[in-house]
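Down below is the structure, laid out as structure tokens.
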Protein chains: 2
Amino acid sequence: MEQQTHLAGTVRPGGRTARVRAAVLEATQDELVEHGFHGLAMDQVAARAGVGKTTVYRRWGGPAGLVVDLMTELADQSAGHADTGSIETDLLANAYGVLNAVNDPRLGATFQAVIAAGTCDEEAAEALRRFYGRRIEEWAKVVDLAVARGELPEGTDGAEVIRAVSGPLYYRLVVTREPVDEAVAEAAARRVLAAARAGAFRPVTP
Amino acid sequence: MEQQTHLAGTVRPGGRTARVRAAVLEATQDELVEHGFHGLAMDQVAARAGVGKTTVYRRWGGPAGLVVDLMTELADQSAGHADTGSIETDLLANAYGVLNAVNDPRLGATFQAVIAAGTCDEEAAEALRRFYGRRIEEWAKVVDLAVARGELPEGTDGAEVIRAVSGPLYYRLVVTREPVDEAVAEAAARRVLAAARAGAFRPVTP
């Protein structure tokens with residue numbers, strides 16, 4: 001089945017429930033990419049997934065419920081943090097990871113659709129908050145490792161470092177609508193590292 | 001008329017055309033804030049502005065045309081760059097300016113609606129690119145002044161510094177949906193300044 005190549009790992013052995021979920025989330029992502037959140041219709045998702053409408057309504061409630069579950073699945077599938085032994089290459093790996101995700105036609109369009117939905121739908125906003133919260137928490141560990149190795153000052157805020165690497169890429173992607181390429185990713189990682197080394201990611205002492 | 005208090009300066013002396021434009025842009029912003037880009041209807045804007053439908057269709061073409069003109073007007077009205085004599089307080093002024101704009105109920109909702117529109121409409125995306133391009137160009141001058149004063153290294157890229165100050169605020173606002181407060185604004189300005197002082201905003205020499 002085609003969705004296995006897209007949402008790898010969503011089909012767990014033996015479960016009909018898991019197979020239905022994989023098909024529904026795959027169809028949800030297809031519809032989001034093609035029509036955006038405002039064009040996401042439960043009946044259309046059910047038809048595309050080859051699943052009964054009643055099942056979809058009962059299990060996911062509405063379009064926002066589908067988006068919430070899709071973002072949970074995408075977070076489950078996301079790669080763990082890098083561990084190259086150097087904060088410079090770890091942050092670069094994070095920046096490239098964001099770059100590849102936002103420039104991937106399917107994944108990038110999915111993020112943009114959910115980001116658009118988040119501006120007017122509180123459940124979609126909460127799904128974004130949770131998805132990025134999990135990614136930030138995962139990658140913040142590279143900063144803790146760097147502090148332990150003596151590469152960055154004690155007290156450096158890992159979550160803030162990771163937010164600062166991703167921020168400029170998403171700012172260009174959805175706000176200023178400027179290109180996001182390798183040079184942008186490398187510059188983001190390099191600048192954040194310079195600020196972190198200078199101690200600018202430690203708590204401010206009044 | 002109410003729109004004069006909202007879109008100050010849009011009513012220029014003596015012009016009926018200017019008065020019509022002010023009323024239509026005011027109504028466009030009202031509708032955007034209330035219904036989002038997908039709910040922006042030409043007829044509704046015309047009715048709200050008290051202007052004939054034919055005029056609105058002929059002059060703005062469609063919802064995207066209204067949004068493009070609204071963003072042009074908002075850019076025209078935006079404050080010029082600070083000039084406090086210190087890059088630290090100039091960047092802080094920029095960060096507070098972004099903070100106040102995104103947290104202003106009317107202006108913040110307008111930006112969010114246009115950002116959402118930009119994810120699926122190329123004209124809206126171009127309006128964003130132009131609006132933020134003008135804001136970045138205007139504020140980049142504080143970096144040139146700082147370089148001239150010897151506060152920052154020669155070759156520091158002003159536009160990139162300004163993007164880096166705004167990025168983390170918008171990233172929280174529309175992507176991670178986390179709160180954007182004074183501490184976030186101050187941290188963004190402080191970290192970018194540390195990186196700029198370290199030379200991380202100069203071109204990379206291979």
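Numbers restart at 1 for each chain; the letters A, B, ... are given by sequence-line order, proteins then strands.
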Which one wins on heavy-atom pair count under 4.5 Å against chain A: [options]?
options	result
B:R191, B:R130, B:E126, B:R197	B:R191
B:C120, B:G36, B:A183, B:G167	B:G167
B:E186, B:R135, B:R190	B:R190

Any side-chain to backbone donor/acceptor pair from B:R177 onto A:R129? Under 3.5 Å, distance only. no
Contact part of B:F201 toward chain A, heavy-atom cut-off under 4.5 Å: side chain, backbone, both or neither? both
Under 4.5 Å to a heavy atom of chain A? For B:L193 that would be neither
Check each atom of [X] against the heavy atoms of chain B and say whether the ones under 4.5 Å are side chain, backbone, both or neither.
X	result
A:L169	neither
A:R172	side chain
A:A164	neither

Flag yes if more than 12 heavy atoms outside A:E88 fall under 6.0 Å of its CD atom; otherwise flag no. no
Heavy-atom count check: over 12 atoms from other residues, nucleotides or ligands less than 6.0 Å from A:E34 CD? yes
Among the options A:A109, A:S166, A:A117, pick out the one with the most heavy-atom pairs lying under 4.5 Å from chain B. A:S166
Closest-packed option against chain B by number of heavy-atom pairs under 4.5 Å, given A:L128, A:T176, A:V175, A:V174: A:V175
Parallel, tilted or perpendicular for B:Y132 and A:Y171, by the 30°/60° rule? perpendicular
Please round to the nearest 0.5 Å and tell me the distance separating atom CG of B:L173 and atom CD1 of A:I115. 11.0 Å
